[in-house]
Amino acid sequence: MKENILITGVNRGLGLALTKTFLENGNIVFALYRTMSDDLKKLKRKYNEDILLFKANVTEEKDIQAAYSKIKNITSSIDILINNAAVHFENHRPLLEKTDFEAIIQTFEVNSIAPLKVIKHFTPLVKNSQRKLIVNISSEAGSISNQTWRESEYGYCMSKAAMNMMSKLLHNRFKKDGVKILAVHPGWFSSDMGGPEAPITPLDAANNVVKTILVDWKIDDQIFVDFDAKPMNW
């Protein structure tokens, strides 16, 4: 059955790959992007009416509101909402003494606060759907109990831990409405964030994530899971 999928951060990397995968599976994708890319243009030419593009900086609530106003006039439901947009400014893992706190603030804005803004506005459409699923693309970096080797990446790790807490709070808030919340670790894949040494491509990661998303989840099933739908440690 064709479903309506909303994805943020679709111009490259995992977001682009998720968009491509859901389109190939015959779904309709409502794609939010901050900057247009050639690859996104190619998907639009190929899939035409099945991909609807909306320019939105997810840190700006007015942009999210504008996208919501347009989308609610097109459809009454979103089956799967995927908060994918993210940043990682600490690939070189600076020591505390060289930490850029402005970058940390920006990381929290994108990785932790922006997803909550998106959910605030689009949850009514999710509630109207059959699947009723909200997916936050998290990371093993947000697992506190698994941090046995990192000594830095404060902004990224802390922001993903905050996203995980957000996911738990949303579960508590929306389970009575039948809305399932997932926080999914997509694995280490090659991208601007993951670097070229990663063992899999964004498309590989997207295929794994989509399989996990499409599991027949129950409301009280695990929230924080990996790309094989296996429970992650908080």
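Residue numbers run from 1 in the order of the sequence given.
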- Item | Nearest atoms (heavy-atom pairs only) where K175 meets D220 | CD-OD1, 4.2 Å
- Heavy-atom side-chain contact between V29 and I7 under 4.5 Å: yes
- Between D226 (side chain) and D228 (backbone), is there a donor-acceptor pair under 3.5 Å? yes
- Message: I want to check something: taking the side chain as every heavy atom from C-beta on, are F30 and V10 in contact at a cut-off of under 4.5 Å?
- Response: no
- Query: Given the rule in the salt bridge (Lys or Arg N to Asp or Glu O under 4.0 Å) test, do D50 and K2 qualify, once you have shown the distances and angles that lead to the verdict?
  - Reply: CA-CA 10 Å; D50 284 343; K2 184 173 285 193; 3.6 Å; yes
- Note on the structure: Taken to the nearest 0.5 Å, the spacing of E60 CD from K117 NZ works out to 6.5 Å
- Between OG1 on residue T123 and CG on residue L116, distance to nearest 0.5 Å: 9.0 Å
- Query: Between K160 and N111, does a side-chain contact (heavy atoms from CB on, under 4.5 Å) hold up when you go through it step by step?
  - Reply: CA-CA 7 Å; K160 289 300 185 179; N111 295 1; 4.3 Å; yes
- Query: How close do L14 and P186 get, heavy atom to heavy atom, and via which atoms?
  - Reply: CD2-CB, 3.9 Å
- Query: Among side-chain atoms of S167 and N164, is any donor-acceptor pair under 3.5 angstrom?
  - Reply: no
- Query: Going through the checks in order, is the side-chain contact (heavy atoms from CB on, under 4.5 Å) test met by R131 and K180?
  - Reply: CA-CA 8 Å; R131 192 178 289 271; K180 173 62 182 170; over 6 Å; no
- Do you know the tightest heavy-atom contact between S145 and N233? OG-CB, 3.1 Å
- Item | Validation row: N4, S77 side chains within 4.5 angstrom (heavy atoms) | yes
- Message: Tell me the closest heavy-atom pair linking F122 and A67, and the distance in Å.
- Response: CZ-C, 4.1 Å
- Should I78 and F22 be regarded as members of a common hydrophobic cluster, given that ILVMFWY residues are connected when their side-chain heavy atoms come within less than 4.5 Å of each other, either directly or indirectly? no
- Message: Minimum heavy-atom separation for P115 and V110, please, with both atom names.
- Response: CD-O, 3.3 Å
- Message: Does I51 form a side-chain contact (heavy atoms from CB on, under 4.5 Å) with T19? I'd like the steps, not just the answer.
- Response: CA-CA 8 Å; I51 177 171; T19 300; 3.7 Å; yes
- Taken to the nearest 0.5 Å, the spacing of W234 CH2 from K168 NZ works out to 7.0 Å
- Item | Between CD1 on residue I213 and OG1 on residue T21, distance to nearest 0.5 Å | 10.0 Å
- Query: Same hydrophobic cluster for F174 and I219, using side-chain heavy-atom links shorter than 4.5 Å among ILVMFWY?
  - Reply: no
- Message: Evaluate W217 against V225 for side-chain contact (heavy atoms from CB on, under 4.5 Å), listing each step before the verdict.
- Response: CA-CA 12 Å; W217 294 102; V225 297; 3.9 Å; yes
- Item | Carboxylate-amine/guanidinium proximity below 4.0 Å for K44 and E49 | no
- Should the heavy atoms of other residues, nucleotides or ligands under 6.0 Å from NZ of K211 be counted, would the total exceed 12? no
- Task: Drop me the distance from Y47's OH to K20's NZ, to the nearest 0.5 angstrom.
- Result: 6.0 Å
- Message: Under a plain distance cut-off of 3.5 Å, with no hydrogens placed, do D63 and N57 share a side-chain donor-acceptor pair?
- Response: no
- Residues C157 and S152: closest non-hydrogen pair is SG-O, 4.2 Å
- Do H185 and S138 come close enough that some side-chain heavy atom pair is under 4.5 Å? no
- Message: Would you say that S37 contacts R12 through its side chain, given a criterion of any heavy-atom pair below 4.5 Å between the two side chains?
- Response: no
- Query: Under a 4.5 Å cut-off applied to non-hydrogen side-chain atoms, are L133 and L81 in contact?
  - Reply: no
- Message: Main chain of G9, side chain of N84: is a donor-acceptor contact present, judged purely on distance under 3.5 Å?
- Response: yes
- Message: Test of understanding: clusters of I, L, V, M, F, W, Y form through side-chain heavy atoms closer than 4.5 Å, transitively. Do L23 and I137 belong to the same one?
- Response: yes
- Query: Is it true that a side-chain atom of E109 and a backbone atom of I105 form a donor plus acceptor pair closer than 3.5 Å?
  - Reply: no
- Side chains of L182 and I223: does their closest heavy-atom pair fall under 4.5 Å? no
- Message: Regarding K218 and D216, does a basic nitrogen lie under 4.0 Å from an acidic carboxylate oxygen?
- Response: yes
- Applying the 4.5 Å side-chain criterion to the ILVMFWY set and letting contacts propagate, would I82 and I119 be lumped into a single cluster? no
- Message: Looking at K55, I want to see if its NZ is surrounded by more than 12 non-hydrogen atoms of other residues, nucleotides or ligands under 6.0 Å.
- Response: yes
- Message: Please tell me whether F108 and L96 are part of a single hydrophobic cluster in this structure, the criterion being side-chain heavy atoms less than 4.5 Å apart.
- Response: yes
- Message: If you count every heavy atom of other residues, nucleotides or ligands that lies below 6.0 Å from M36 atom CE, does the total exceed 12?
- Response: yes
- With a 4.5 Å limit on heavy-atom distance, are the side chains of T212 and K230 in contact? no
- Task: Answer yes or no: is there a donor N or O on one side and an acceptor on the other, between the side chain of E90 and the main chain of T99, under 3.5 Å?
- Result: no
- Task: Scan side-chain atoms only and decide if S76 and N128 contain a donor-acceptor pair under the 3.5 Å cut-off.
- Result: no
- Task: Check the angle between the aromatic planes of H121 and Y68 and answer parallel, tilted or perpendicular using the 30° and 60° thresholds.
- Result: tilted
- Task: Please round to the nearest 0.5 Å and tell me the distance separating atom CD of E3 and atom CD1 of I80.
- Result: 5.0 Å
